Amino acid sequence: MASETAPTQHFIRQIVREDVDSGAQPVIRTRFPPEPNGHLHIGHAKAICLDFGIAAEFGGMCNLRLDDTNPGKELPEFVRGIQDDVHWLGFEWAELRHASDYFEVFYRAAEKLVCDGVAYVDDLDAGQVREFRGTLTEPGRNSPFRERGVDENLDLFRRMRAGEFGDGEKTLRAKIDMASGNINLRDPAIYRIRKQTHQNTGDRWPIYPMYDFAHCLSDAIEGITHSFCTLEFEDHRPLYDWFVDHVDLAGHLELVQPLLDAGMPCAPSKPRQIEFARGNLTYTVMSKRKLTELVNEGRVSGWDDPRMPTLSGARRRGFPPEALRSFWERMGVSKQNSNIDFGVLEACVREELDARAHRRMAVTEPLKLVLANLPETHEEIVEFPNHPKDESLGTRALPFSRTLWIERGDFAEVPPKGFKRLVPEGEVRLRGIGIIRCDAVIKDGQGEVVELHCSLDPATRPEGTETNRKVKGTIHWVSAAHAIEAEIRLFDRLFDTENPGEEKDGTSFKDNLNPDAKRVIRGYVEPAAAEAAPERHWQFERLGYFVADRHDHTPEKPVFNRTVSLRDTWARKSR
RNA sequence: UGGGGCGUAGCCAAGCGGUAAGGCACCGGGUUUUGAUCCCGGCAUGCGCAGGUUCGAAUCCUGCCGCCCCAGCCA
């Protein structure tokens, strides 16, 4: 396992720490609250790590709550996907909830606001509401329906619930302040009419609560102490507090009775919303709209395409969940908008995989190499360690024979300066075998190198007298007669510009797609690599980290995805 | 003369009045049967700018400048 660096101090940890130490919040409760209207991506992983991580760190609990208050956008397929992704990342929720579990409570809470005279039914349509709202610099005006009496409001609201009105005909609004500089406080909508089937509650409700109303009350219902969300909700916080305070679930437990009756224990809290900055990554996009476009237009094979920044894509690509977690831990949490270098993530992936991926040999661009001084029939099995540093990972049997495949790039007739691999008349070490010398270069009619004839120095074999003789290069190989042909999918960054989502000067983010982000080739792998179970990670020595494809790989027809290449200072230098 | 946030190295980020942590990247060097890993060293006289307070300021005060978010019956 990769070594965990000390947790970086950040403001959220400090706040929670203080609340715990002062006794203000002896038990920490958090929640991860996605809307089930799409798939989770690496950006969501930051929130997941924070929500679940803080709870775990302070001995508290974290719920998974599906914020499903807008029917029509939400699908059961997404709620399943979200659960899978959170589990895969390595977290377990205390309770799985849906905001829709609380619809009855929300409704009662809304009736309470009506009775308290701080909510009213408005007949204005969407366009009129917009006109009355004012602008960023001008105050809004009161709706003509703002001063309706409590009885009329209550009657109207009940009829909204009974389904007597059509979509958009009426809304329930909070009576706050149409002149507020904070537009969220200009009589925000609490309920809208939407006669649409809901993914969890079917056709039971013709009206649905708005996010601002449902979210804070859901938090309170679940006894959430610290409610983390992203920066754009900062100006919603006054409204969050307004609803929590005016509804006052803790002081009106009758509102929560439906939950108690349903056997859902409930001790409402006064949750505190704390905002942090999202984490963006270079060379990719995270917006749901853009990701959806890539999927729908067939630019990628699906939500779990290994090039996608979705969690299912990262999984298929071979990014270990531990790497995603250590990545976000390393990045910290702050309120500054950021654009994190994709290389940091890759470094985390390499760190994790270096520690635990078994080594195997594979050749992606084969060139035949014959060890001419070995007998035609020479064949042996060498025992080779799975890891250069961790002996506990054991060994595997590696077949070796007279005819091998090596990497075409490991031979050069006219070597560039600094080249350490095989050249005519030159020597190089064959990994795990010994030192070979290139005696002859065989070419075809076009002058293309098709075969190398080499001789193996027996004294440099592991049991020989000159095992430790030094040569400058070591190359990898597979035995031609024993190697298994495999499909190898070489993945790279999805986009070839740092900020593909910018779309300046009328360009589309899709113009920045990296055409080489996926290359499918056929190569050869040693038998012990082909045997892998799906999702097994290997390091193909000198090439990179690969994973057996979750869906397409079988030992008979192996398919490996390149997760990330090895760090390559040679390629960088010779660039 | 709308409201809310944010400015510390190329990218993240700690710092909470006592003299700029750490990671990634980058540049040197060492070890190495993976040009990997690992190990050592270098990388902000400087914290958006300008003033002020103080023995002492990235930290406090004032004024500027820059960037982000908000006018859904989305979340």
Side-chain angles (χ1 to χ4, degrees), chain A residues 5-6 8-10 14 33-35 37 67-70 73 122 124-126 129-130 133-140 167-173 179-186 188-194 208 210-212 214-215 229-238 275 277 279 282 288 327 330-348 350-351 354-355 359 361 388-389 418-421 429-435 460 462 467-476 498 539-544 565-574:
Chain A
T5 43
T8 72
Q9 189 59 268
H10 59 68
Q14 288 182 40
E35 183 187 15
N37 68 343
D67 228 338
D68 55 347
T69 55
N70 189 9
K73 290 177 68 179
D122 199 341
L124 256 29
D125 65 31
V129 167
R130 192 179 320 120
R133 185 158 34 226
T135 70
L136 292 179
T137 51
E138 296 161 315
D167 283 14
E169 269 182 47
K170 293 189 177 354
T171 54
L172 182 73
R173 293 228 257 166
S180 173
N182 181 348
I183 291 181
N184 295 114
L185 265 18
R186 319 243 259 231
I190 299 175
Y191 265 96
R192 77 287 215 177
I193 299 170
R194 188 146 300 181
Y208 291 92
M210 299 292 292
Y211 164 87
D212 284 305
H215 195 91
C229 65
T230 43
L231 250 31
E232 69 270 27
F233 293 104
E234 268 176 323
D235 13 294
H236 291 241
R237 192 180 341 122
E275 311 84 8
T282 57
K288 197 163 297 176
F327 169 67
R330 259 190 223 196
M331 289 304 90
V333 178
S334 77
K335 300 187 78 160
Q336 283 182 70
N337 291 315
S338 66
N339 203 14
I340 303 156
D341 191 327
F342 198 81
V344 182
L345 212 205
E346 292 177 328
C348 291
R350 289 190 183 108
E351 180 181 278
D354 174 59
R359 309 293 120 127
M361 292 208 275
K389 290 190 170 170
F419 194 72
K420 299 209 287 199
R421 284 103 95 149
R429 180 177 292 279
L430 262 193
R431 179 108 238 251
I433 299 298
I435 294 173
T460 60
T467 308
N468 292 323
R469 204 182 110 203
K470 304 291 179 207
V471 280
K472 47 185 203 269
T474 300
I475 66 173
H476 60 96
E498 236 179 86
Q539 181 198 97
F540 288 161
E541 292 208 25
R542 301 211 303 129
L543 296 177
S565 64
L566 254 28
R567 248 179 105 247
D568 189 351
T569 46
W570 165 244
R572 207 190 308 139
K573 254 182 225 162
S574 53

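Keep in mind the model is a prediction, meaning the values are calculated, not measured. Order of the sequence lines fixes the chain letters, A, B, ..., with proteins taken first and strands second; residue numbering starts at 1 for each chain.
- Picking from B:rA14, B:rC12, B:rA75 the nucleotide with the shortest atom distance to the side chain of A:N70 gives B:rA75.
- Of the C1' atoms belonging to B:rC55 and B:rC38, the separation is 47 Å, rounded to the nearest Å.
- Look at CG on A:D68: it is 12 Å from C1' on B:rA75, rounded to the nearest Å.
- Not a single donor-acceptor pair under 3.5 Å links the side chain of A:R192 to the backbone N or O of A:D167.
- Following rounding to the nearest Å, A:R429 (CZ) and B:rU34 (P) show an atom-to-atom distance of 9 Å.
- Nucleotides B:rC47 and B:rG15 have their C1' atoms positioned 10 Å apart, rounded to a whole Å.
- Taking atom C1' on both nucleotides, B:rA25 is separated from B:rA13 by 14 Å, rounded to a whole Å.
- At a threshold of 4.0 angstrom between heavy atoms, the contacts of A:F233 include nucleobase atoms, whether or not backbone atoms are also involved.
- Using a 4.0 Å heavy-atom cutoff across all strands shown, A:I190 reaches no nucleic acid atom at all.
- Here the side chain of A:S180 pairs no donor or acceptor atom with the backbone of A:R186 at under 3.5 angstrom.
- Summarising the geometry, the separation between CD on A:Q336 and C1' on B:rG15 is reported as 13 Å, rounded to the nearest angstrom.
- Remark on RNA chain B: of its neighbouring residues A:T460 and A:Y211, the 5'-side contact belongs to A:T460, judged by nearest-heavy-atom nucleotide.
- Nucleic acid contact for A:T467: base, since at least one base atom lies under 4.0 Å from a heavy atom of the residue.
- Judged by Watson-Crick or G-U wobble contacts below 3.5 Å, the nucleotide B:rA21 has no partner.
- Summarising the base pairing, B:rU1 is matched to no nucleotide, lacking a Watson-Crick or G-U wobble pair whose two defining distances lie under 3.5 Å.
- Considering OG1 of A:T474 and CD1 of A:I433, their distance stands at 12.0 Å, rounded to 0.5 Å.
- Atom CD of A:E169 sits about 13.0 Å away from atom CG of A:D122, to the nearest 0.5 Å.
- Taking atom C1' on both nucleotides, B:rC68 is separated from B:rG42 by 35 Å, rounded to a whole Å.
- In this structure, OG1 on A:T282 lies 9.0 Å from CD1 on A:I340, to the nearest 0.5 angstrom.
- For B:rC16, the base has a donor-acceptor partner in the side chain of A:Q14 [N/O atoms by modelled type, under 3.5 angstrom].
- For the P atoms, the distance from B:rU53 to B:rG4 is 30 Å, rounded to whole Å.
- B:rA44 is unpaired under the Watson-Crick or G-U wobble criterion, no partner having all donor-acceptor distances under 3.5 Å.
- A:A126 comes within 4.0 angstrom of a nucleotide base, judged by non-hydrogen atoms across all strands.
- Across all strands, A:S338 comes closer than 4.0 Å only to sugar-phosphate atoms, never to a base (heavy-atom distances).
- Atom pair A:M331:CE and B:rA21:P shows a separation of 18 Å (rounding to whole Å applied).
- Not one side-chain nitrogen or oxygen of A:R186 sits closer than 4.0 Å to the OP1 or OP2 atom of B:rG2.
- Contact check, A:R133 against B:rG2: no side-chain N or O comes under 4.0 Å of OP1 or OP2.
- The separation between A:H10 atom NE2 and B:rU8 atom P is 19 Å, rounded to whole Å.
- The side chain of A:T137 sits closest to B:rG2 out of B:rA75, B:rC12, B:rG2.
- Distance, A:N184 CG to B:rG5 C1': 14 Å, rounded to whole Å.
- For the pair A:D235 CG and B:rG2 C1', the computed distance is 12 Å after rounding to whole Å.
- Of the candidates B:rC73, B:rG15, B:rG23, B:rG23 carries the atom nearest the A:R330 side chain, counting heavy atoms from C-beta on.
- For the P atom pair drawn from B:rG22 and B:rC40, the interatomic distance equals 13 Å after rounding to whole Å.
- With C1' as the reference atom, B:rG48 and B:rC65 are 7 Å apart, rounded to whole Å.
- Remark: B:rU8 base-pairs with B:rG15. Criterion, Watson-Crick or G-U wobble with two distances under 3.5 Å.
- At the heavy-atom level, A:N339 lies under 4.0 Å from the strands shown only through sugar-phosphate atoms.
- Checked against B:rC70, B:rC26, B:rA13, the side chain of A:R572 finds its nearest nucleotide in B:rC26.
- Look at A:R192 and you'll find a side-chain N or O under 4.0 angstrom from OP1 or OP2 of B:rC74.
- In this structure a side-chain-to-backbone donor-acceptor pair under 3.5 Å is missing from A:R359 to A:E541.
- Qualifying salt bridge (charged side-chain N to carboxylate O under 4.0 Å, His left out) partners for A:E35, counting only residues two or more places apart in sequence or in other chains: none.
- For A:L185 and B:rG4, the CG to P distance is 11 Å, given to the nearest whole Å.
- When side chains are defined from C-beta on, A:K335 counts as touching A:E234, because their heavy atoms get closer than 4.5 Å.
- With A:N182 contributing its side chain and A:D235 its backbone, the two residues share a donor-acceptor pair below 3.5 Å.
- Map A:N337 and A:G332 each onto its nearest nucleotide of RNA chain B; the residue landing nearer the 5' end is A:G332.
- The residue A:E234 sits close only to the backbone: its heavy atoms come under 4.0 Å of sugar-phosphate atoms, none of a base.
- Side-chain atoms of A:R429 come within 3.5 Å of backbone atoms of A:R469 as a donor-acceptor pair (strictly under, hydrogens ignored).
- Pairing for B:rA36 is absent, judged as Watson-Crick or G-U wobble with the two contacts each under 3.5 Å.
- Counting any heavy atom pair closer than 4.0 Å across all strands shown, A:L136 reaches a base atom.
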Worksheet item: What does nucleotides 35-40 of chain B look like as a protein-contact string, B for base, S for sugar-phosphate only, - for none, at under 4.0 angstrom between heavy atoms?
Response: BSBS--

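- In this structure, CZ in A:F233 is found 8.0 Å from CG in A:D212, a value given to the nearest 0.5 Å.
- Distance noted for atom P between B:rC69 and B:rC26: 31 Å (whole Å).
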